[in-house]
2 protein chains.
Amino acid sequence: MEEGTSKSPSHCADTDHAAGAADTDPFQWDTREDCEVRQILDRVADKWSLLVIALLDRRKLRFTELRREIDGVSQRMLTVTLRQLERDGLVKRTVYPVVPPRVEYELTPLGGTLHTTIRTLVTWTEEHQNEIAAAREAYDAREAAV
Amino acid sequence: MEEGTSKSPSHCADTDHAAGAADTDPFQWDTREDCEVRQILDRVADKWSLLVIALLDRRKLRFTELRREIDGVSQRMLTVTLRQLERDGLVKRTVYPVVPPRVEYELTPLGGTLHTTIRTLVTWTEEHQNEIAAAREAYDAREAAV
DNA sequence: CTGGATCCGACATGATACTG
DNA sequence: CAGTATCATGTCGGATCCAG
């Protein structure tokens, strides 16, 4: 992630419906790799990004607070993730030039709209995790039987 | 499979609201790693999974058809992805015992509900990709200036 | 045609140490 | 406190070969 930061993917799908038209074409969206949409999707659907955005909903948090709240994130990954989100205009970073450095992170309006969307995905997962767990057990059992 | 397929993460967040209750607690969901929700999320938000589910919406496709439609996917990744989705009960795999093997993939009802959700995420991305692109340019320009 | 198995390189991520 | 820099490594993913 940190390496290839300045890729310039093709705007393949920013055709018409990207502007907001109620295009409901079932499938045909990206398919092609190096598509901007797919790239953004990968970033947005990222493990840590998801968590950061969720935690930042409606409140500011400092670097260390975020780090403490997100179990398992390394300092490095948190920094990288925050930078990406900042670059994408989803998170705003405010530095207070005081003696012990103080940096606060918060969602931008754009980030806020994403939060809603992400929340939908999370809710879906929460609602169906049991079904998925069951499906896995069934699948594994079937496999083991063979 | 080769990667971590048989992890048994803790059911940390499958508490109450997971059952479907209209719980709108702003943030507190996973945070902890090795949380089942987070694991499912990672799978579901996966690059290839997203594409496969999108393509499978409302129609069956054969292995080769999928491979052809998804630009850039290797045989291996497609196989792995399909297996995961099948295990999770999102995709149904049907094998026809004919001379040239014929295997068809289609979404299960559960997979169908996920498609809707994913579609939301994709739509968001499509609608905001310009804003994000602009934010990136602005950010990069700001950086370069320094 | 479908896909399992293996080898292997590349990149993402983690751990650690250092700085303003 | 909030990073940056460096090094170590695990995993992902691609290529290839092979089998039912």
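First the proteins, then the strands, lettered A, B, ... as listed; each starts at 1. The figures here come from the full heavy-atom set of this structure, side chains too, leaving out hydrogens, waters and symmetry mates.
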* Asked: Pro100(B) side chain: which of dC1(D), dG3(D), dC1(C) is closest?
  -> dC1(C)
* Spacing of Met77(B) atom CE relative to dC11(C) atom P, expressed in whole Å -> 16 Å
* Asked: In whole angstrom, what separates Asp42(A)'s CG from dC11(C)'s C1'?
  -> 14 Å
* Asked: Can you name the side-chain contact (heavy atoms from CB on, under 4.5 Å) partners of Thr116(B), sequence neighbours left out?
  -> none
* Asked: How long is the line joining CZ of Arg68(A) and P of dC1(D), in whole Å?
  -> 9 Å
* Whole Å only: how far is the CG atom of Leu51(B) from the P atom of dG13(D)? -> 12 Å
* Structure fact -> Those residues at least two apart in sequence (or on a different chain) that pass salt bridge (Lys or Arg N to Asp or Glu O under 4.0 Å) with Glu104(A) are Lys60(A), Arg102(A)
* **By side-chain hydrogen bond (donor to acceptor under 3.5 Å, both in side chains) - contacts of Thr79(A) (at least two apart)** => none
* Asked: Lys47(B) has an atom NZ; how far is it from atom C1' of dC11(C), in whole Å?
  -> 12 Å
* **Spacing between Glu143(B) atom CD and dT4(D) atom C1', to the nearest angstrom** => 13 Å
* To do: For Ile70(B) and dG14(D), give me the distance from atom CD1 to atom C1', rounded to whole Å.
  => 16 Å
* Report yes if at least one side-chain N or O of Tyr105(A) is closer than 4.0 Å to OP1 or OP2 of dG3(D); otherwise report no. => yes
* Structure fact -> Considering only heavy side-chain atoms of Thr79(B), the closest of dC1(C), dG3(C), dG3(D) is dG3(C)
* To do: Please state how far atom CZ in Arg102(A) lies from atom P in dC1(D), giving the value in whole angstrom units.
  => 11 Å
* Distance (rounded to the nearest 0.5 Å) between Arg83(A) CZ and Tyr139(B) OH -> 5.0 Å
* Nucleotide by nucleotide, 5' to 3', does protein get under 4.0 Å of the base (B), only the sugar-phosphate (S), or neither (-) in nucleotides 15-20 of chain D, counting heavy atoms? -> B----B
* Partners passing salt bridge (Lys or Arg N to Asp or Glu O under 4.0 Å) against Glu137(A) (at least two apart in sequence or in another chain) -> none
* **Partner residues of Thr64(A) under the side-chain contact (heavy atoms from CB on, under 4.5 Å) criterion, sequence neighbours left out** => Arg68(A)
* Using modelled atom types only, decide if a donor and an acceptor are shared between the side chain of Thr125(A) and the backbone of Leu41(B) within a distance under 3.5 Å. => no
* Name the nucleic acid region contacted by Arg67(A), choosing base, sugar-phosphate or nothing; use a 4.0 angstrom heavy-atom cut-off, strictly under. => nothing
